[in-house]
Participant: 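The following block contains the structure, expressed as structure tokens.
Just so you know, residue 1 is the first one in the sequence shown, and it goes up from there.
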Amino acid sequence: VSTKYSCIVADPAWSFGDKLGKRGADANYKTMTVDEIRGLARWRGSEDLHDKTPPFLAMCGKRFAIADDALLFLWRVASMPQEALDVIRYWGFEPKSEIVWIKAASEHDAKVTGGKRDGDRVKTHTLHFGMGRYVRGAHETCIIAARGQATALVRNHSTRSVFIAPVPRDVKGKIIHSAKPPEFYEIVEALSCGPRLELFAREGRPGWTSAGNAVGVVKTPAPRCVECGKKQFRTPSGLTCKNGHGDAPSLQQYEVWSEGFRATGEHGRAQQHGKVRALSFKDACHGVFSGDGDFDEDKMTYWGCKLFDNERDARRAFG
Ligand SMILES: [Zn+2]
């Protein structure tokens, strides 16, 4: 049985067709046209017109199966938003949201960046001075796309859409072209469930299958808990295992209960909606009711019924 990947990161080597000469991506390594990037999608045998959803993505001579429910994190370039959307849809995903990386000029600046004002001007010297014909690139955008019931794969609902991190540099301090910072992978790991695949990868990563010209295809085992030996996974507050060891002790098991329907004149009794590990009861509710518009986060109700983290209180409230 081959692995079906439900978390896929891709940072395509977009070809800009830049008339300014060899700069950026083109100067550093072989780029691909939009057709070539789209063409990573593979069907079983010949393309079946009745099933437009590709079951595989191919790289380095290998095919990687895509799970029916999967999230795709695809980096785009500012000048080619439409091309990125085309690739996403051709690969069988629908764009849903995006993550923006604010590129700080240095590690120190990553802490202080945030548009400090100097008189009537916003100082931007703490931001990276990148390329660009109109404005100097100080951010990059990663589109989040989904297929199937992908909201069920979202493991926590407190992830912010923006993060600030310095541009990755090598040991000599030289910027590593187009490399994405470790903070990005930490966000992806805390946000979504595996198995995980990175296309256009530059290096292996624990718990990931990585494919790209720089590494070939490497499958790196997930980190193991030193206390119990179980696989570790990332949460918004750090690494943990299924026994709750590690540096994320705040992750707890929550039960989500709602009171009965007496308030609305019906006779339903208090019921349990689910059990999840989460940072807070609110996060647990988001996990249990993910995408269900009848969950009201402000009032902490479901269909107007109050939510509780235990059976006793739920029954006391209404049946
Ligand atoms: Zn453990």
Side-chain angles (χ1 to χ4, degrees), residues 1-19 22-99 140-148 150 153 177-180 184-185 188 192 194-205 208-219:
V1 179
S2 74
T3 306
K4 287 192 171 183
Y5 294 94
S6 54
C7 167
I8 299 167
V9 164
D11 184 11
W14 299 100
S15 171
F16 300 87
D18 198 312
K19 304 287 193 297
K22 291 234 173 256
R23 307 206 307 177
D26 285 319
N28 283 275
Y29 53 87
K30 190 185 171 325
T31 56
M32 289 169 80
T33 65
V34 174
D35 277 350
E36 287 170 333
I37 296 168
R38 274 161 49 117
L40 300 180
R42 294 282 190 283
W43 283 260
R44 289 176 213 286
S46 59
E47 186 172 340
D48 181 350
L49 294 176
H50 298 290
D51 180 12
K52 295 301 286 177
T53 312
F56 304 103
L57 289 168
M59 183 161 275
C60 301
K62 281 234 162 84
R63 301 200 308 179
F64 303 97
I66 314 169
D68 294 336
D69 304 324
L71 286 171
L72 168 66
F73 299 83
L74 183 118
W75 289 96
R76 66 161 167 81
V77 289
S79 58
M80 301 168 76
Q82 192 56 54
E83 289 84 347
L85 298 178
D86 287 349
V87 166
I88 284 169
R89 295 206 166 96
Y90 195 79
W91 285 5
F93 290 81
E94 263 308 303
K96 296 291 183 188
S97 189
E98 58 189 26
I99 295 174
E140 287 196 38
T141 306
C142 177
I143 301 172
I144 304 175
R147 77 174 186 180
L153 303 171
H177 179 75
S178 101
K180 301 303 182 280
F184 166 68
Y185 296 94
V188 169
S192 68
R196 306 180 195 286
L197 170 69
E198 182 174 21
L199 300 176
F200 301 92
R202 337 171 128 260
E203 58 188 359
R205 200 169 292 285
W208 291 70
T209 298
S210 312
N213 289 341
V215 286
V217 176
V218 289
K219 199 167 180 172

Participant: Any side-chain to backbone donor/acceptor pair from Ser6 onto Gly194? Under 3.5 Å, distance only.
Facilitator: yes
Participant: Nearest 0.5 Å, please: how far is OG in Ser210 from CG in Leu197?
Facilitator: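 Answer rounded to 0.5 Å: 8.0 Å.
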Participant: Taking C-beta and beyond as the side chain, do Cys7 and Leu153 meet within less than 4.5 Å on heavy atoms?
Facilitator: no
Participant: Is any side-chain heavy atom of Leu40 closer than 4.5 Å to a side-chain heavy atom of Val87?
Facilitator: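 SC-SC contact between Leu40 and Val87 ruled out.
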Participant: Kindly give the heavy-atom pair with the smallest separation between Asp11 and Phe200, and that separation in Å.
Facilitator: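 The answer is O-CB, 3.3 Å.
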Participant: Roughly how far, to the nearest 0.5 Å, is CD1 of Ile99 from CD1 of Ile144?
Facilitator: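 Those atoms lie 4.0 Å apart.
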Participant: Before giving the answer on side chain to side chain contact (heavy atoms under 4.5 Å, CB included), spell out for Phe93 and Leu74 the whole-Å C-alpha distance, their side-chain angles and the decisive distance to 0.1 Å.
Facilitator: CA-CA 11 Å; Phe93 290 81; Leu74 183 118; over 6 Å; no
Participant: Sequence neighbours left out, what pairs pass salt bridge (Lys or Arg N to Asp or Glu O under 4.0 Å) with at least one residue falling in residues 89-98?
Facilitator: Arg89-Glu94
Participant: Would you mind writing out the side-chain donor-acceptor pairs for residues 55-73 within the sub-3.5 Å range, not counting sequence neighbours?
Facilitator:
residue : atom : partner : partner atom : Å
Asp69   : OD1  : Gln149  : N            : 2.7

Participant: Please identify each residue that fulfils salt bridge (charged side-chain N to carboxylate O under 4.0 Å, His left out) with Arg42, with sequence neighbours left out.
Facilitator: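 None.
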Participant: Taking only residues two or more places apart in sequence, or in another chain, which ones meet Glu140 in a side-chain hydrogen bond (donor to acceptor under 3.5 Å, both in side chains)?
Facilitator: Lys103, Lys180
Participant: Go through the structure and list residues passing side chain to side chain contact (heavy atoms under 4.5 Å, CB included) with Asn213, not counting sequence neighbours.
Facilitator: none
Participant: Just jot down the ring pair (Phe, Tyr, Trp, His ring centres under 6.0 Å) partners of Phe184, sequence neighbours excluded, or say none.
Facilitator: Trp75
Participant: Using the test side chain to side chain contact (heavy atoms under 4.5 Å, CB included), find all partners of Ala214 that sit at least two apart in sequence or belong to another chain.
Facilitator: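 Scan of Ala214 (side chain to side chain contact (heavy atoms under 4.5 Å, CB included), adjacent residues dropped) gives none.
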Participant: Nearest 0.5 Å please: distance from the CE atom of Met32 over to the CH2 atom of Trp14.
Facilitator: 10.0 Å
Participant: Taking all heavy atoms of Val215 and all of Gly204, pick out the closest pair and write down the distance.
Facilitator: CG1-N, 4.1 Å
Participant: Dump the intermediate steps for side chain to side chain contact (heavy atoms under 4.5 Å, CB included) on Val218 and Trp208, then the final yes or no.
Facilitator: CA-CA 8 Å; Val218 289; Trp208 291 70; over 6 Å; no
Participant: Going by the rule ring pair (Phe, Tyr, Trp, His ring centres under 6.0 Å), which residues pair with Trp91 if we only count those two or more places apart in sequence or in a different chain?
Facilitator: none
Participant: Which residues satisfy the salt bridge (charged side-chain N to carboxylate O under 4.0 Å, His left out) test with Arg205, sequence neighbours excluded?
Facilitator: Glu198, Glu203
Participant: Side-chain contact test, heavy atoms from C-beta onward, threshold under 4.5 Å: evaluate it for Ser178 versus Arg202 and give yes or no.
Facilitator: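 Result yes, sub-4.5 Å side-chain heavy-atom pair found.
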Participant: Show your reasoning for whether side chain to side chain contact (heavy atoms under 4.5 Å, CB included) applies to Ile143 and Ile88.
Facilitator: CA-CA 9 Å; Ile143 301 172; Ile88 284 169; 3.5 Å; yes
